[in-house]
Amino acid sequence: EVQLVESGGGLVQAGGSLRLSCAASGDTFDDYDKGWFRQAPGKEREGVAFISSADYNAYYADPVKGRFTISSDNAKNTMYLQLNSLKPEETAVYYCAADGGTIGNTWNLFKPKYYAYWGQGTQVTVSS
């Protein structure tokens with residue numbers, strides 16, 4: 001079992017950048033499927049970016065490709081999400097998530113139901 005704690009959220013102007021961190025404890029993070037979701041008020045939680053334990057590749061939702069970068073530092077047992085060129089509509093609570101099983105199909109990486117472990121969330125607010 002792994003515990004996740006996010007940090008790095010805040011208020012930024014449109015076009016600005018933030019880096020979110022997700023520190024894991026309780027288990028080694030390396031072989032987990034892991035990534036980031038976000039949830040805006042009144043909207044469903046949506047998948048943003050993920051690292052697959054099957055191939056260690058990164059996968060991104062179309063709206064964030066080219067602007068967001070997911071990475072993982074195994075020595076620190078920490079995952080990151082670099083957010084660049086932020087837009088006001090990306091204001092949301094950002095959650096990191098992980099699962100020790102093999103989610104397999106990359107489409108399923110983007111679905112919240114496949115993740116057993118969640119952080120508490122960090123607020124990202126993008127002003128126009």
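Residues: numbered from 1 along the sequence shown. Bear in mind that the values here come from a model prediction, so they are computed numbers and not experimental data.
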### Task
Taking all heavy atoms of A61 and all of F110, pick out the closest pair and write down the distance.
N-CE2, 3.4 Å
### Validation row: K87, V126 side chains within 4.5 angstrom (heavy atoms)
no
## Note on the structure
Distance col, row Y117:OH vs D99:CG, nearest 0.5 angstrom, shows 7.0 Å
### Message
Contact between V2 and N77 at the side-chain level, heavy atoms closer than 4.5 Å - yes or no?
### Response
no
### Task
Write down the atom of A98, the atom of Y32, and the distance for their closest heavy-atom approach.
CB-CD2, 3.9 Å
### Message
Using the ring centroid of each side chain, check whether F50 and F37 are separated by less than 6.0 Å.
### Response
yes
## Note on the structure
Heavy-atom nearest pair, S128 first then A14, reads CA-CB, 4.4 Å
### Step-by-step side-chain contact (heavy atoms from CB on, under 4.5 Å) determination, Y95 to L20
CA-CA 10 Å; Y95 298 91; L20 308 182; over 6 Å; no
### Message
So C96 and K34, do their side chains get closer than 4.5 Å, heavy atoms only?
### Response
no
### Message
Less than 3.5 Å apart, any donor N or O on the side chain of Y56 or D31 sitting next to an acceptor on the other?
### Response
yes
### Query
Between the main-chain N or O of D30 and the side-chain N or O of T28, is there a donor-acceptor pair closer than 3.5 Å?
no
### Task
Output the distance between atom OG (S17) and atom CG (L83), rounded to the nearest 0.5 Å.
8.0 Å
#### Entry: Value rounded to 0.5 Å, distance of CD1 in I70 from CG in N57
11.5 Å
### Task
Show your working on side chain to side chain donor-acceptor pair (under 3.5 Å) between D33 and Y114 and close with a plain yes or no.
CA-CA 10 Å; D33 289 307; Y114 287 99; over 6 Å; no
### Task
Drop me the distance from L18's CG to T122's OG1, to the nearest 0.5 angstrom.
8.5 Å
### Query
Can you tell me how far the CD atom of Q120 sits from the CG atom of L4, to the nearest 0.5 Å?
9.0 Å
### Query
How far does CD of Q123 sit from OG1 of T91, to the nearest 0.5 angstrom?
7.0 Å
### Query
How far apart are the C-alpha atoms of V64 and R38, what are their side-chain angles, what is the distance that settles it, and do they pass the side-chain contact (heavy atoms from CB on, under 4.5 Å) test?
CA-CA 12 Å; V64 309; R38 64 187 179 189; 4.0 Å; yes
### Task
Grab the two heavy atoms, one from V124 and one from G9, that are nearest each other, plus how far apart they are.
CG2-CA, 4.2 Å
### Query
Quick one: side chain to side chain contact (heavy atoms under 4.5 Å, CB included) partners of T106, sequence neighbours excluded?
Y59, L109
### Query
At their closest point, which heavy atom of Y94 faces which heavy atom of A92, and how far apart are they?
CD1-O, 3.4 Å
#### Entry: Sidechain-backbone polar pair: D73 side chain, T78 backbone, donor-acceptor under 3.5 Å
no
### Query
Do W36 and E6 touch side chain to side chain, with heavy atoms closer than 4.5 Å?
yes
### Task
State, to 0.1 Å, how close A49 and Y60 come at their nearest heavy-atom pair, and which atoms those are.
CB-CD2, 3.6 Å
### Query
By the rule that ILVMFWY residues connect when side-chain heavy atoms come within less than 4.5 angstrom, directly or transitively, which residues belong alongside L11?
none
